[in-house]
Amino acid sequence: MSMEHTDLVSKTLVQKKKFDFMKLDWWICLFIASSVVLTVTIADSFYQRLVTEMMIFALLAISLDLLLGYTGLLSLGHAIFFGISGLVAATLFVDFHYPLLLALFVSIMITMVIAFIIALVNCRFSGIQFAMLTIAFGQFFWTLAVNWRQYTGGHDGKTIVDPLTMNLGFTVDLKDPANLTVLTGVILILSYLVLRKMINSPFGKILVAIKENESRAIFLGFNSYRVKIQVFMFGAFFSSISGLLYFLLKSYVIADNISWVKSGDILLMTLVGGMGTIFGPMLGATFFVWFKDWSSSFTENWMFIIGILYIIVVLFFPKGAFGWLNKSK
């Protein structure tokens with residue numbers, strides 16, 4: 001077989017694989033959109049809130065997958081940005097009487113500044129050092145939030161009783177579960193497409209190169225420190241968006257949303273679905289939220305069941321439900 005023929009076959013296989021993934025992406029987006037439409041039209045408010053929570057944690061899980069699955073950065077403090085964005089937004093809205101839209105925007109800005117400071121320190125390291133530093137930062141901000149009771153409510157949290165409305169030329173009531181379900185669905189679809197585009201771009205290939213062999217990536221001329229900061233910021237951004245949506249869903253914030261326990265939940269969602277696939281963690285998060293709701297309905301010890309599930313996944317499904325797709329990459 002000639003070299004030209006071999007190259008042609010290789011290019012054809014690559015194009016076919018890309019086409020298959022592109023088709024899968026649109027099917028996933030169609031499934032999310034259909035689920036939103038069906039939930040809003042035929043489900044009651046309880047199931048609307050449940051589906052919204054599934055989509056929020058799906059967004060949170062894919063934000064971690066960008067770090068762990070594609071760059072090899074194990075963050076055990078990913079909930080920092082999830083929790084801080086909600087706490088800041090609630091504080092600005094309730095205590096400083098910011099309009100809701102402005103409070104959400106300023107919250108994202110503050111969260112991103114914190115993420116940048118953390119990234120400057122963490123991204124100089126990899127492996128276990130990176131993971132331990134994320135835990136340290138997580139515990140620092142959790143302790144700060146718990147002790148700053150005046151604004152955060154500490155362990156008791158803070159309930160938002162004011163109407164959650166935004167004026168976009170027309171009034172949108174975000175305490176209406178149907179409205180929030182639609183908003184969350186749109187954000188999840190857009191975020192998924194953006195992340196998929198990012199992964200398929202040259203930047204995404206650099207992330208995989210850093211994950212596989214950072215020293216070699218540096219030898220080839222890539223600034224791994226800068227790239228890791230960039231991907232860390234992307235992950236923090238999507239995590240903060242999910243935190244704001246969770247704040248709108250619950251009308252309640254608490255310092256424990258920053259804790260390492262919440263970060264462990266995010267990690268479990270990512271592992272169950274299969275890291276390095278984007279859509280795998282989405283399905284893992286969906287299953288996790290459903291399983292937690294189902295198991296907690298008949299036992300107070302549902303965390304024990306979650307722990308057993310985690311052990312089973314690690315022992316028998318180390319690549320998760322869809323992690324096997326990484327073999328083709």
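No experiment lies behind these values; they were computed from the predicted model shown.
- Judged by distance alone, the side chain of T270 and the main-chain N or O of I266 form a donor-acceptor pair under 3.5 Å.
- In terms of heavy-atom proximity, G86 sits nearest to V253 at O-CG1, 3.5 Å.
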* **Residues K292, D265; criterion salt bridge (Lys or Arg N to Asp or Glu O under 4.0 Å); working and verdict** => CA-CA 11 Å; K292 183 176 72 171; D265 289 344; 5.6 Å; no
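- Side-chain contact check for Q48 and T181: no donor-acceptor pair (N or O, by modelled atom type) lies under 3.5 Å.
- The hydrophobic cluster containing I56 does not contain I254, counting ILVMFWY residues as joined when their side-chain heavy atoms lie under 4.5 angstrom apart, directly or transitively.
- Rounding to the nearest 0.5 Å places SG of C123 at 5.0 Å from CZ of F130.
- With F81 as the fixed residue, the ring-ring contact (aromatic ring centres under 6.0 Å, His included) test singles out one of F238, F232, F141: F232.
- A perpendicular orientation is assigned to the rings of W148 and Y151, their planes being inclined by more than 60° (bins at 30° and 60°).
- Using a distance-only test at 3.5 Å, with no hydrogens or angles considered, a donor-acceptor pair links the side chain of N179 to the main chain of D173.
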* To do: Check the pair I84, I258 against side-chain contact (heavy atoms from CB on, under 4.5 Å), reporting the backbone distance first and the verdict last.
  => CA-CA 7 Å; I84 285 179; I258 304 176; 3.9 Å; yes
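- Taking the six-membered ring for Trp, Y192 and F279 have ring centres at least 6.0 Å apart.
- For F288, there are no ring-ring contact (aromatic ring centres under 6.0 Å, His included) partners at least two apart in sequence or on another chain.
- Applying the 6.0 Å contact sphere to CZ of F105 captures no more than 12 heavy atoms from other residues, nucleotides or ligands.
- Taking OG1 of T71 as the reference point, atom CG of L74 lies at 12.0 Å (rounded to 0.5 Å).
- Two rings, from W294 and F298, have their centers less than 6.0 Å apart.
- Distance check, rounded to the nearest 0.5 Å: CD of Q139 to OG of S263 gives 9.0 Å.
- Minimum heavy-atom separation, Y225 to R124: CE1-CG, 3.4 Å.
- V161 and L249 are members of different hydrophobic clusters when ILVMFWY side chains are connected at heavy-atom separations under 4.5 Å.
- Both V182 and L101 are members of a single hydrophobic cluster when ILVMFWY side chains are connected at heavy-atom separations under 4.5 Å.
- In terms of modelled atom types and a separation under 3.5 Å, the side chain of K211 and the main chain of G69 share a donor-acceptor contact.
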* Quick one: do V121 and I117 satisfy side-chain contact (heavy atoms from CB on, under 4.5 Å)? Show the steps, please. => CA-CA 7 Å; V121 177; I117 294 172; 5.5 Å; no
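- Aromatic rings of Y70 and F234 (six-membered ring for Trp) have centroids beyond the 6.0 Å cut-off, not under it.
- Between the side chain of D65 and the main chain of G276, a donor-acceptor pair closer than 3.5 Å is present.
- The main-chain N or O of Y47 is found under 3.5 Å from a side-chain atom of D44 such that the two form a donor-acceptor pair.
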* side-chain contact (heavy atoms from CB on, under 4.5 Å) between F247 and L104, worked out -> CA-CA 10 Å; F247 149 66; L104 298 178; 4.0 Å; yes
* What do the steps show when you test L64 against M269 for side-chain contact (heavy atoms from CB on, under 4.5 Å), and what is the final call? -> CA-CA 10 Å; L64 177 60; M269 296 172 194; over 6 Å; no
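- Within a 6.0 Å sphere centred on CZ of F219, heavy atoms belonging to other residues, nucleotides or ligands number 12 at most.
- The CG atom of L100 lies 10.0 Å from the CD1 atom of I160; values are rounded to the nearest 0.5 Å.
- Under the 3.5 Å distance criterion, the side-chain polar atoms of N223 are matched with a main-chain donor or acceptor of R226.
- Enclosure of atom NZ in K175 by more than 12 non-hydrogen atoms of other residues, nucleotides or ligands within 6.0 angstrom is indicated.
- Taken together through direct or relayed side-chain contacts under 4.5 Å among Ile, Leu, Val, Met, Phe, Trp and Tyr, F237 and V194 form part of one hydrophobic cluster.
- Distance alone, capped at 3.5 Å, is enough to place a donor-acceptor pair between the N200 side chain and the R196 backbone.
- For S107 (side chain) and S85 (main-chain N/O), a donor-acceptor pair under 3.5 Å exists by modelled atom type.
- Taking a 6.0 Å sphere around CZ of F46, one finds it holds more than 12 heavy atoms contributed by other residues, nucleotides or ligands.
- Checking side-chain atoms of T299 against main-chain N and O of S296 turns up no donor-acceptor pair under 3.5 Å.
- With values rounded to the nearest 0.5 angstrom, M198 atom CE is found 6.5 Å from F203 atom CZ.
- Only one option out of I80, L133, T134, V113 pairs with I118 in a side-chain contact (heavy atoms from CB on, under 4.5 Å); it is I80.
- Across all non-hydrogen atoms, the minimal contact from V146 to A255 is CG2-CB, 3.7 Å.
- Y252 and V88 are not part of a single hydrophobic cluster, where members link through side-chain heavy atoms under 4.5 Å apart.
- The two residues A119 and I229 make their nearest non-hydrogen contact at O-CG1, 4.0 Å.
- Atom CD1 of residue I210 and atom CD1 of residue I218 lie 8.0 Å apart, to the nearest 0.5 angstrom.
- Counting only N and O atoms by type, the side chains of H78 and S63 include a donor and acceptor under 3.5 Å apart.
- Sequence neighbours left out, the pairs with a member in residues 248-263 that pass salt bridge (charged side-chain N to carboxylate O under 4.0 Å, His left out) are E53-K250.
- With S239 contributing its side chain and F82 its backbone, the two residues share a donor-acceptor pair below 3.5 Å.
- Closest non-hydrogen pair, S242 versus L60, comes out as OG-CD1, 3.4 Å.
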